[in-house]
Amino acid sequence: MKTNPMALPCKIAGAYLDDYPLANKARETELRGWLRSRHLPGLADATSGSDVSDPDFAKLRQVSALFKKNKSLSNGRTCTENAVSTFLRAEKQCRITNKRLDYYYENPDRLPDDLLNQVTRMQKSIANTLGDFGDFLAELPSLLRLTSGATHDRSRPRSYPHLKVTGRIKAPQRLLPLYGVLADSLGQPRDELQLVPDDVNRVQMVPKNWETHRTIAAEPTHAMPFQLAFDAWGKRCLRKVGIDLSSQELNQELSRWASVLGVLATVDMKTASDTTAYNAVAWLFPWEWFDFLDRCRSKGYSSDVMDDGMYAKFSSMGNGSTFVIETLIFAAACKAVGSECYSVYGDDIIIESRLVPELDRLLRFVGYRMNETKSFTDGPFRESCGTDWLAGKLVTPFYMRRSPASRADWSHLINGLITLGYEGGSLYRLAQDLLLEEEPALVPWNEATMAGVWIPPSVAYDLKLIRNSWQTPTYQGYAVTLPPDDPKRVSLRRYLLWFIQKRHLADVFRENQDGVVLVEDNSSSHETTGSSVSGSFVRKSKVVYRPPLDRVPGFIYGFWIDFQDHPMYHRYVKSVLRRKSWKKVNVTNKRRSRNRPQKADR
């Protein structure tokens, strides 16, 4: 019998209000009434009518976070219709921007002098940041790379890098002069190339929140390497001017200080990726860079949920160059308005509060709109790059993004409740009840909330859930470490799951009497050492893996895999390893008993 997906978040919200009652009792009474009636719109928008000066603002955000981004509460048809409406509205905004910029490009004398000077400063800033285009072309072969992402003509299961290395090149016709570079990078003879022009991308929907989806585009297969080459170059150039797109720490730390001092504002742009107008890039970027990016982009789109069309925007979410393009534009805009202390990460901007009106004016001219509900210039609250700060205190809410469906999901939820509540409180007791009911794995604290429910390491040692192997704590799940002389630790989570999904487990993992597990492919090899733990038993194993062309995506520090939660587990692991429970069987003792000499041989 299926349970109502509203039941659990309402129960958690009720426990939260028990632990942290609101100062405004009338507001709390209203919220509890919505919880009893399960009124989703009101609960998801619990902060409506409240501002950062409200003492209950952070508590209301937490209640809202349990519902707002919970995709289990969404109606697929309604979310799709709302996403299509937002997409078409952004296209209309880009068409208006293109016409406006066309007019002022041909008639610059009709543009206010201060605005024209700011646009000129933006052009110079972007040109200086990107550097010489010839240097980029010289390094282009080394910057090209393939990923495992879905493309226009390939779904996700068919998008692994080695499957994209074929003689058929699918990319825009305008990239023809650079196909030879791509062929050399893929190891394909140039005379064997088959050109298949592909000048459109495929627009699809992914969950965003309870009331709408987000539109993303799957680009042509062999246009992505060139887009990602610009992405790599742009990130390197931005790093030289103090903008590191590999880390959000600077924005997060600045937003913390902004919540204390109040001199900095956190600014968020509305649908920034979908409102980068074509003419904005044409005007702001140097011609050589614009020409290259224009050759890499898709001119049009196809979709199953709306009519096909031609883009008014320059690039959509899903284009490998979009993130760097918008970062360059926003950073240049901050510099153009005279900022001396700014930081940009995509569409998350931190700038002096006094310059926000001037920045808004400039960005509106080039086609962007500020998100008023997520931008904060006054008061003690700031939000940037996934962190919320109230007078220097971290108040980022715990988001419930879907109803738990596996032990990993239950582990993530219980860990969140324990962190959110306090010992003896309603949330803590609810977490205990869920722990006893669902029985997820117990693990020492680590950076992965889905590995299991966190317990103190001392308790884990007492329960024999953790031992030391190669001087690295290991426990139930799958941990991968390098040899003891190399302190660097990496995880092969995505790579191992890629193999499990792609091949039968029996073809991937072959175990010999020494406990050596081999993972094989046709590329160059790389060796590492790992330890897997089952119950109180530790088995040392040597893992030999050969990474794909994108250098094994998704290294996650300290992530542990519990194969029993993986959908392929019941289908393959039981039949291959011949055992009923991953926890209860001591494979080491079983192997030793099988190899032990008989009495007659002694």
Student: Quick one: does any side-chain atom of Arg297 pair with a main-chain N or O of Phe314 as donor and acceptor, under 3.5 Å?
Tutor: yes
Student: Quick one: are Leu254 and Ser384 in side-chain contact, heavy atoms under 4.5 Å?
Tutor: no
Student: Taking side chain as C-beta onward, heavy atoms only, is Leu245 less than 4.5 Å from Val324?
Tutor: yes
Student: What verdict does the ring pair (Phe, Tyr, Trp, His ring centres under 6.0 Å) test give for Trp289 and Phe292, after you've listed the backbone C-alpha separation in whole Å, the side-chain angles of each residue and the deciding distance to 0.1 Å?
Tutor: CA-CA 5 Å; Trp289 290 102; Phe292 174 81; 7.2 Å; no
Student: Supply the atom-to-atom distance Ser246 OG to Arg239 CZ, rounded to the nearest 0.5 angstrom.
Tutor: 5.5 Å
Student: Evaluate the ring planes of Phe376 and Phe57, with Trp represented by its six-membered ring, and classify them as parallel (under 30°), tilted (30 to 60°) or perpendicular (over 60°).
Tutor: perpendicular
Student: Determine the minimum heavy-atom distance between Cys334 and Ile351, stating which atoms define it.
Tutor: SG-CD1, 3.9 Å
Student: Compare all side-chain heavy atoms of Tyr368 with those of Asp347 and state whether any distance is below 4.5 angstrom.
Tutor: no
Student: Measuring from Thr271:OG1 to Met317:CE, what's the distance to the nearest 0.5 Å?
Tutor: 8.5 Å
Student: For Tyr278 and Thr97, what are the C-alpha separation, side-chain angles and deciding distance, and is it a side-chain hydrogen bond (donor to acceptor under 3.5 Å, both in side chains)?
Tutor: CA-CA 9 Å; Tyr278 181 86; Thr97 301; over 6 Å; no
Student: Only one of Val356, Leu359, Thr327 clears side chain to side chain contact (heavy atoms under 4.5 Å, CB included) with Ile349; which?
Tutor: Leu359
Student: Which value, rounded to the nearest 0.5 Å, describes the distance between Asn319 atom CG and Leu228 atom CG?
Tutor: 8.5 Å
Student: Using side-chain heavy atoms (C-beta onward) and a distance below 4.5 Å, is Ile243 in contact with Thr129?
Tutor: no
Student: Taking all heavy atoms of Lys335 and all of Ser125, pick out the closest pair and write down the distance.
Tutor: CD-OG, 3.8 Å
Student: Should we count CZ of Arg402 as having more than 12 external heavy atoms under 6.0 Å?
Tutor: no
Student: Give the intermediate values and the outcome of ring pair (Phe, Tyr, Trp, His ring centres under 6.0 Å) for residues Phe323 and Tyr345.
Tutor: CA-CA 9 Å; Phe323 187 61; Tyr345 187 91; 5.3 Å; yes
Student: Nearest 0.5 angstrom please: Leu140 CG to Asp135 CG, how far?
Tutor: 12.5 Å
Student: Does Glu352 use its side chain to pair, donor to acceptor, with the backbone of Cys341 at less than 3.5 Å?
Tutor: yes
Student: Decide yes or no on side-chain hydrogen bond (donor to acceptor under 3.5 Å, both in side chains) for Ser273 and Thr322, but give the supporting numbers first.
Tutor: CA-CA 7 Å; Ser273 300; Thr322 298; over 6 Å; no
Student: What pair of heavy atoms forms the shortest contact from Phe330 to Gly346, and how long is it?
Tutor: CD1-O, 3.1 Å
Student: So which atom in Thr266 and which in Ser255 form the shortest heavy-atom distance, rounded to 0.1 Å?
Tutor: CG2-CB, 3.9 Å
Student: Output the distance between atom CZ (Arg354) and atom OG1 (Thr377), rounded to the nearest 0.5 Å.
Tutor: 14.0 Å
Student: Is it true that atom CH2 of Trp283 has more than 12 heavy atoms of other residues, nucleotides or ligands lying nearer than 6.0 Å?
Tutor: yes
Student: How are the rings of Phe87 and Tyr301 set relative to one another: parallel (under 30°), tilted (30 to 60°) or perpendicular (over 60°)?
Tutor: perpendicular
Student: Using a 3.5 Å distance criterion without hydrogens, assess whether the side chain of Asp294 forms a donor-acceptor pair with backbone atoms of Phe290.
Tutor: no
Student: Report yes if some heavy atom in the side chain of Pro207 is under 4.5 Å from a heavy atom in the side chain of Cys79; otherwise report no.
Tutor: no
Student: Hey, what do you get for CZ (Arg369) to NZ (Lys270), rounding to the nearest 0.5 Å?
Tutor: 9.5 Å
Student: Are any of the side-chain heavy atoms of Gln248 and Asp348 separated by less than 4.5 Å?
Tutor: no
Student: Check Met269 against Leu363 and note the closest heavy-atom contact, atom names and distance.
Tutor: CE-CD1, 3.9 Å
Student: Contact between Val119 and Leu362 at the side-chain level, heavy atoms closer than 4.5 Å - yes or no?
Tutor: yes
Student: Please check if atom CD in Glu139 has more than 12 non-hydrogen atoms from other residues, nucleotides or ligands closer than 6.0 Å.
Tutor: yes
Student: Assign the ring pair Phe230 / Phe136 to parallel, tilted or perpendicular, where the plane angle (0 to 90°) is split at 30° and 60°.
Tutor: perpendicular
Student: For Asn279 and Ala282, indicate whether the former's side chain and the latter's backbone hold a donor-acceptor pair under 3.5 Å.
Tutor: no
Student: Measuring only between side-chain heavy atoms, which start at C-beta, is Ile216 closer than 4.5 Å to Val203?
Tutor: no
Student: Please name the pair of heavy atoms, one in Trp233 and one in Leu130, separated by the smallest distance, quoted to 0.1 Å.
Tutor: NE1-O, 3.0 Å
